[in-house]
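Reminder, nothing fancy here: chain letters follow the sequence lines and each chain counts from 1. Worth saying up front: this structure is predicted, and the values here are computed from it rather than measured.
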2 protein chains.
Amino acid sequence: MKTPVTIDLQRASRLLKLLGDPTRLTMMKLLKSHECCVCEFVEIFKMSQPAISQHLRKLRDIGLVKEERKGQWIFFSVNESHEDYPFIESILGHLPDQNESIVELESQGLRVCCK
Amino acid sequence: MKTPVTIDLQRASRLLKLLGDPTRLTMMKLLKSHECCVCEFVEIFKMSQPAISQHLRKLRDIGLVKEERKGQWIFFSVNESHEDYPFIESILGHLPDQNESIVELESQGLRVCCK
DNA sequence: ACAGTATATAAGCATATGCCTATATACGCA
DNA sequence: TGCGTATATAGGCATATGCTTATATACTGT
């Protein structure tokens with residue numbers, strides 16, 4: 001019988017603390033299905049650009065997201081090779097999908113399409 | 001096809017924030033398999049009694065644990081009928097079991113056995 | 001009623017958090 | 001090179017958090 005994959009309690013609490021912010025949690029759920037860049041999040045969350053950058057930095061510092069520059073934009077996406085990704089994924093799986101934000105963004109012509 | 005049970009993002013982030021503290025997260029994991037009272041947690045976490053009480057209060061205020069007085073002790077346990085219990089349970093399921101703390105407590109004769 | 005034990009609450013304090021504004025840096029294009 | 005856009009960093013500030021000590025409350029047993 002296999003022991004289920006477990007995650008150290010200290011590490012788990014650090015991750016949960018990061019996800020325990022509505023902005024960051026929504027970001028992760030969004031990023032799970034869509035790469036996004038900072039300026040898109042600014043629109044979605046109606047929040048200042050630095051505030052968005054700071055949230056993303058926290059997520060990146062702990063390895064939950066990765067970034068890729070494409071021209072003048074930096075696209076963020078979920079880092080699926082994070083050691084604790086299965087844990088994260090199981091949490092995100094319980095959340096309602098946030099496609100509406102993306103659809104709305106597109107309908108406003110604000111979705112960044114990297115040409 | 002059934003839609004998987006989802007939990008509102010605001011509620012989810014509130015729960016995750018609460019679990020994002022190592023003490024509270026450990027408490028929840030412990031309580032999942034053992035009823036405990038405040039004084040046991042004081043021993044386990046080597047933390048002041050008010051600190052423990054305050055953590056438990058937060059967990060109780062949001063309905064994650066329930067309490068039952070037995071004589072001079074108040075025993076806490078996980079509230080399995082919490083609306084979001086499946087979510088909580090799936091998180092706790094990823095954590096290594098904490099039976100060692102209980103065993104240690106017993107070996108020191110500090111486990112409260114409610115007579 | 002009183003002493004001892006268990007728990008809760010209050011108040012205070014140091015630090016962390018989440019936001020803001022101002023500014024710096026990086027890239028693309030004319 | 002210089003301008004516009006995207007992002008990052010710095011500094012400041014209000015509020016939240018997690019702990020402490022002191023004190024109140026609740027129950028038990030004599």
Side-chain angles (χ1 to χ4, degrees), chain A residues 9-10 13-28 31 35-62 64-77 105 108-115, chain B residues 9-10 13-28 31 35-62 64-77 105 108-115:
Chain A
L9 249 151
Q10 294 294 324
S13 63
R14 237 178 293 128
L15 291 172
L16 294 173
K17 187 173 189 177
L18 268 189
L19 297 182
D21 174 275
T23 303
R24 285 193 297 267
L25 187 60
T26 309
M27 279 176 165
M28 287 299 293
L31 289 174
E35 292 203 325
C36 291
C37 61
V38 174
C39 58
E40 290 175 317
F41 282 137
V42 169
E43 269 310 310
I44 291 171
F45 294 108
K46 310 293 182 202
M47 201 177 276
S48 77
Q49 173 266 314
I52 297 295
S53 272
Q54 284 155 14
H55 280 304
L56 285 167
R57 191 154 117 78
K58 289 184 185 181
L59 292 174
R60 194 205 51 198
D61 282 353
I62 211 168
L64 288 183
V65 303
K66 55 190 182 187
E67 51 186 87
E68 183 188 357
R69 181 176 279 278
K70 291 183 185 170
Q72 66 188 316
W73 295 282
I74 298 177
F75 281 82
F76 288 82
S77 57
L105 210 59
Q108 295 174 293
L110 294 171
R111 178 86 170 137
V112 173
C113 297
C114 193
K115 311 128 264 213
Chain B
L9 249 151
Q10 295 294 325
S13 64
R14 236 177 294 130
L15 291 173
L16 295 173
K17 187 173 190 180
L18 268 189
L19 298 182
D21 174 276
T23 304
R24 284 192 297 264
L25 188 59
T26 309
M27 280 177 165
M28 285 300 292
L31 289 175
E35 293 204 324
C36 291
C37 61
V38 174
C39 59
E40 289 174 316
F41 282 136
V42 169
E43 268 311 311
I44 291 172
F45 294 107
K46 310 292 182 206
M47 199 177 280
S48 76
Q49 174 265 315
I52 297 294
S53 272
Q54 283 155 15
H55 280 304
L56 286 167
R57 192 153 115 80
K58 289 183 186 184
L59 293 174
R60 195 205 49 195
D61 282 353
I62 209 166
L64 288 182
V65 304
K66 55 189 183 188
E67 50 186 88
E68 184 187 358
R69 180 175 280 277
K70 290 182 185 172
Q72 68 189 315
W73 296 282
I74 297 178
F75 282 83
F76 288 82
S77 58
L105 209 60
Q108 293 174 297
L110 293 173
R111 178 83 170 139
V112 174
C113 297
C114 192
K115 308 130 263 207

A.B. asks: Measuring only between side-chain heavy atoms, which start at C-beta, is B:F76 closer than 4.5 Å to B:L59?
C.D. replies: no
A.B. asks: Less than 4.0 angstrom between a side-chain N/O of A:K17 and OP1 or OP2 of C:dA16, yes or no?
C.D. replies: no
A.B. asks: Given atom NE2 of A:H55 and atom P of D:dT7, what is their separation to the nearest angstrom?
C.D. replies: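 It works out to 16 Å between those atoms.
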A.B. asks: Just jot down the side chain to side chain donor-acceptor pair (under 3.5 Å) partners of A:R57, sequence neighbours excluded, or say none.
C.D. replies: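 Side chain to side chain donor-acceptor pair (under 3.5 Å) list for A:R57, sorted by chain: empty.
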A.B. asks: When you compare the side chain of B:M27 with that of B:I44, does any pair of heavy atoms fall below 4.5 Å?
C.D. replies: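 They are not in contact (no side-chain heavy atoms under 4.5 Å apart), so the answer is no.
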A.B. asks: Does any non-hydrogen side-chain atom of A:L9 lie less than 4.5 Å from one of B:P22?
C.D. replies: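 SC-SC contact between B:P22 and A:L9 ruled out.
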A.B. asks: For B:E40 and C:dT5, give me the distance from atom CD to atom P, rounded to whole Å.
C.D. replies: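 The distance from CD of B:E40 to P of C:dT5 comes to 17 Å, rounded to the nearest Å.
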A.B. asks: Can a side chain N or O of B:R24 be found less than 4.0 Å away from OP1 or OP2 on D:dG18?
C.D. replies: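 For D:dG18, OP1/OP2 do have a side-chain N/O of B:R24 under 4.0 Å.
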A.B. asks: Any side-chain heavy-atom pair from B:C39 and B:Q49 closer than 4.5 angstrom?
C.D. replies: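 They are not in contact (no side-chain heavy atoms under 4.5 Å apart), so the answer is no.
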A.B. asks: How many Å lie between NZ on B:K58 and P on C:dA8, as a whole number?
C.D. replies: 15 Å
A.B. asks: State, with a plain yes or no, whether a side-chain heavy atom of A:L64 is found less than 4.5 Å away from one of A:L15.
C.D. replies: yes
A.B. asks: Is there side-chain contact between A:V65 and A:M28, with at least one heavy-atom pair below 4.5 Å?
C.D. replies: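 SC-SC contact between A:V65 and A:M28 confirmed.
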A.B. asks: Counting any heavy atom closer than 4.0 Å, what does B:F76 reach on the DNA or RNA strands: base, sugar-phosphate only, or nothing?
C.D. replies: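 Here B:F76 touches the backbone only, sparing every base.
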A.B. asks: Can you tell me how far P of C:dA6 sits from CD of B:E67, to the nearest Å?
C.D. replies: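 It is 17 Å, rounded to the nearest whole Å.
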A.B. asks: Can you tell me the distance, in whole Å, between the CH2 atom of B:W73 and the C1' atom of D:dG29?
C.D. replies: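 Atom CH2 in B:W73 sits about 12 Å away from atom C1' in D:dG29.
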A.B. asks: Quick test: give all pairs of protein nitrogen or oxygen and nucleotides 24-28 of chain C nitrogen or oxygen below 3.5 Å, distance rounded to 0.1 Å.
C.D. replies:
none

A.B. asks: Within this structure, what is the CD-to-C1' distance between B:E68 and C:dT7, rounded to whole angstrom?
C.D. replies: 16 Å
A.B. asks: Would you indicate what B:R60 reaches in the nucleic acid, counting non-hydrogen atoms under 4.0 angstrom: base, sugar-phosphate, or nothing?
C.D. replies: nothing
A.B. asks: Which of residues 44-53 of chain B have a heavy atom under 4.0 Å from DNA chain D?
C.D. replies: B:M47, B:S48, B:P50, B:A51
A.B. asks: Look at the side chain of A:R24 and the backbone N and O of A:T26, then say whether any donor-acceptor pair between them is shorter than 3.5 Å.
C.D. replies: no
A.B. asks: Look at the side-chain N and O atoms of A:R57 and state whether any lies under 4.0 Å from the OP1 or OP2 oxygen of D:dA8.
C.D. replies: no
A.B. asks: Can you check whether A:Q10 reaches A:R14 side chain to side chain, under 4.5 Å on heavy atoms?
C.D. replies: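 With C-beta onward as the side chain, the pair touches.
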A.B. asks: Nearest nucleotide by nearest heavy atom, which residue falls closer to the 5' end of DNA chain C, A:Q54 or B:I74?
C.D. replies: B:I74
A.B. asks: Tell me the interatomic distance from B:F41, atom CZ, to C:dA6, atom P, rounded to whole angstroms.
C.D. replies: 15 Å
A.B. asks: Roughly how many Å is it from CG in B:L59 to C1' in D:dT17, rounded to a whole number?
C.D. replies: 14 Å
